[in-house]
Colleague: 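Structure in C-alpha cells, see below.
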Amino acid sequence: MSDSLNKNRVIFLDLLRSVALLLMVLSVTMNHTLSDEYRAMGKYWINIWYYLDSMIAPLFLLTSGAVFLYLFRTQNKPFAENERVKKGLKRALFLILLGYLIQVPDYRIFTGGVVYTDFQWQQLWGVDILQVIGMSVIMTIGLLYIAEKTKIRNYIVFGIGAMLLILISVLMQYSNISAMLPDALDAYFISESGSKYPLFPFGFYFLAGSCIGCFMSTYPEAFIEMKGSSLIMLIGVGLILLSFVGQWAFYMVGLNEQITNQVVVSVFRSAGLIILALISVVYVSIILPQIPKIFILIGRNTLLVFVVHIIIIERTFLSVYFQRIYNVWESAVMSFGMLSFMILLVIIVNRLNIKNFSMMRN
C-alpha cells in the first residue's frame, strides 16, 4: 500500500470515528438538558435541530459498521483465519454486557437489597447504543460467514440481510409475535419496550455501513481521489430519491403512515444523507496533509468517552444537573462543556499511556 494511500486511509478512519463520537456526545447532552418547554415551541430552528439530531445516532452506527468491515477486509484472510472474527465477537459480547450494566439503576440488585418492579425490569432490558452495536457486529460476522460459504459478494449478502431485518422488524411491530418473546429479546425489535436503539432501524444503519466498508476495501483509490467515491455518492443520492418515490407509492396505496415514516422516509432518506456526509469526510481526508492528533486520540478512545459521559449524566451525583431544565443557551453551554471535558479526558488518558478503548479497535 502506498504511503499516500495509507495516510489518507488512516485520516479517513480516525476522522470518521472522532466526528461521529463528538456529535453523539453533543446530542446526548443536549437531549438531557434542554427543557421540554423549548422542545414544544415548534420553531423552525428547533425542527432543524431535531432532524439533524435524529441522524447523529445513525451516523454513529453506520460509521461503526464501515470501520468494522473495512478492518475485517484489510486483513485479507479467509473467515476462519481472520483475527477480526474472534476479536469482533469478544468486543460484541463485551459491549452488550457493558450496555446492560450501565442501565442497572440500583446495584443493590446484586446483593438482594432491592426488588425491581416489572417496569424497572423492562427498562433494564432496553436496548441502547452499546447493545445494538454489539448485536450488529454479531449479525455482520454471521453474514460474512454466509457470504464465504455461498461465494456470494459481501455487499449482496449485507443488502439481503438488511432487507430481512426490515421485514422481521415490521412483522414484530404489527403482529402479536413480540408479545410472546421474553422482554430481553423483544427489546431488540420493539422501541415501545423501552429501547432507545432497537435493531431496526439502527442495525440497518450498521449493515449499510458494512457495505460502505466493503466498497472502501475493494476500491482503495477512493482514499486518494474523489473519482473513486463517485459510486458511493450515487448510492446516497439513489437512497434519497428512493425514499421520496417510496413515500409517494405508500401514499397512493394507502399504507400505514407509520410504516412510511419509519421504513421509507426516515431510514432510506437518512441513510442517503449520511452516505453523502461520509463522502465529505473522504474529501477532507484527501485534502488534509495530516490530521490533528486530538482527532486520532478521540477516534481511538470512543468506548471510554461514550461510557464516561453516559455515567456522568445518568449514574453520578451530577445527574441532578441533567434533568431537561435549561434554556437553549444554557443547554448549549453544558453540551459544549461536556464535550470539552471529554476531550480533556482523552488527553489525560494519552499522557498516562493508558491502553485505548475504541469500540472498533484497530
Colleague: If two hydrophobic side chains count as joined below 4.5 Å and joins carry through other members, does Val333 share a cluster with Val320?
Modeller: no
Colleague: In Å and rounded to the nearest 0.5 Å, what is the CD to OH distance from Gln131 to Tyr188?
Modeller: 5.5 Å
Colleague: Less than 4.5 Å apart, side chain to side chain, heavy atoms only: is that true for Ser64 and Phe206?
Modeller: yes
Colleague: Between Ala20 and Thr63, which heavy-atom pair has the shortest distance, and what is it?
Modeller: CB-OG1, 4.0 Å
Colleague: Which atoms form the tightest heavy-atom contact between His309 and Met24, and what is the distance?
Modeller: NE2-O, 4.5 Å
Colleague: I want to check something: taking the side chain as every heavy atom from C-beta on, are Glu314 and His32 in contact at a cut-off of under 4.5 Å?
Modeller: yes
Colleague: Out of curiosity, Leu297 CG to Ile348 CD1, how far, rounded to the nearest 0.5 Å?
Modeller: 12.5 Å
Colleague: Could you report the tightest heavy-atom contact between Phe158 and Cys211, atom names first, then the distance?
Modeller: CB-SG, 3.5 Å
Colleague: Which pair of heavy atoms, one from Leu71 and one from Arg84, lies closest together, and at what distance?
Modeller: O-CG, 3.7 Å
Colleague: Tyr197 vs Phe202 aromatic rings, parallel, tilted or perpendicular, using cut-offs 30° and 60°?
Modeller: perpendicular
Colleague: Within the structure provided, determine whether Ile313 and Met338 are in side-chain contact (heavy-atom separation under 4.5 Å).
Modeller: yes
Colleague: Yes or no on side chain to side chain contact (heavy atoms under 4.5 Å, CB included) for Leu199 and Val127, after CA distance, side-chain angles and deciding distance?
Modeller: CA-CA 9 Å; Leu199 277 176; Val127 175; over 6 Å; no
Colleague: Is there side-chain contact between Ile152 and Ile160, with at least one heavy-atom pair below 4.5 Å?
Modeller: no
Colleague: Drop me the distance from Ser18's OG to Leu23's CG, to the nearest 0.5 angstrom.
Modeller: 9.5 Å
Colleague: Without hydrogens or angle criteria, can the side chains of Ser331 and Thr33 be said to hold a donor-acceptor pair below 3.5 Å?
Modeller: yes
Colleague: Quick one: CD1 on Ile133 to CZ on Arg91, what's the gap to the nearest 0.5 Å?
Modeller: 10.5 Å
Colleague: Mind listing the side-chain donor-acceptor pairs of residues 135-146 below 3.5 Å, one per line with the distance, residues two or more places apart or on another chain?
Modeller:
| from | atom 1 | to | atom 2 | distance (Å) |
| --- | --- | --- | --- | --- |
| Ser136 | OG | Val132 | O | 2.6 |
| Thr140 | OG1 | Ser136 | O | 2.8 |

Colleague: Using a 3.5 Å distance criterion without hydrogens, assess whether the side chain of Glu330 forms a donor-acceptor pair with backbone atoms of Asn327.
Modeller: yes
Colleague: Working to the nearest 0.5 Å, report the span between CG of Leu21 and CG of Leu339.
Modeller: 8.5 Å
Colleague: Using a 4.5 Å cut-off on heavy atoms from C-beta on, say whether the side chain of Leu26 contacts that of Leu22.
Modeller: no
Colleague: Do any N or O atoms from the side chain of Asn350 and from the backbone of Val346 form a donor-acceptor pair under 3.5 angstrom?
Modeller: no
Colleague: Can you measure from CZ (Phe306) to CG (Asp128) and round to the nearest 0.5 angstrom?
Modeller: 5.5 Å
Colleague: What's the verdict on side chain to side chain contact (heavy atoms under 4.5 Å, CB included) for Ile310 and Ile129, showing C-alpha distance, side-chain angles and the deciding distance?
Modeller: CA-CA 11 Å; Ile310 287 294; Ile129 194 78; over 6 Å; no
Colleague: Which heavy atom of Val305 sits nearest a heavy atom of Met342, and at what distance?
Modeller: O-SD, 3.5 Å
Colleague: Can you find a pair of side-chain heavy atoms, one from Tyr205 and one from Phe60, that are under 4.5 Å apart?
Modeller: no
Colleague: Looking at every non-hydrogen atom in both residues, tell me the closest pair between Leu130 and Val307 and how far apart they are.
Modeller: CD1-CG2, 4.1 Å
Colleague: Taking C-beta and beyond as the side chain, do Lys77 and Phe72 meet within less than 4.5 Å on heavy atoms?
Modeller: no
Colleague: Looking at residues at least two apart in the chain, or sitting in another chain, which of them share a side-chain hydrogen bond (donor to acceptor under 3.5 Å, both in side chains) with Arg324?
Modeller: Asp36
Colleague: Hydrophobic cluster membership, with links at side-chain heavy-atom distances under 4.5 Å among I/L/V/M/F/W/Y: are Trp329 and Phe322 in one?
Modeller: no
Colleague: Is Asn154 reaching over with its side chain to a backbone N or O of Ala147, donor-acceptor style, under 3.5 angstrom?
Modeller: no
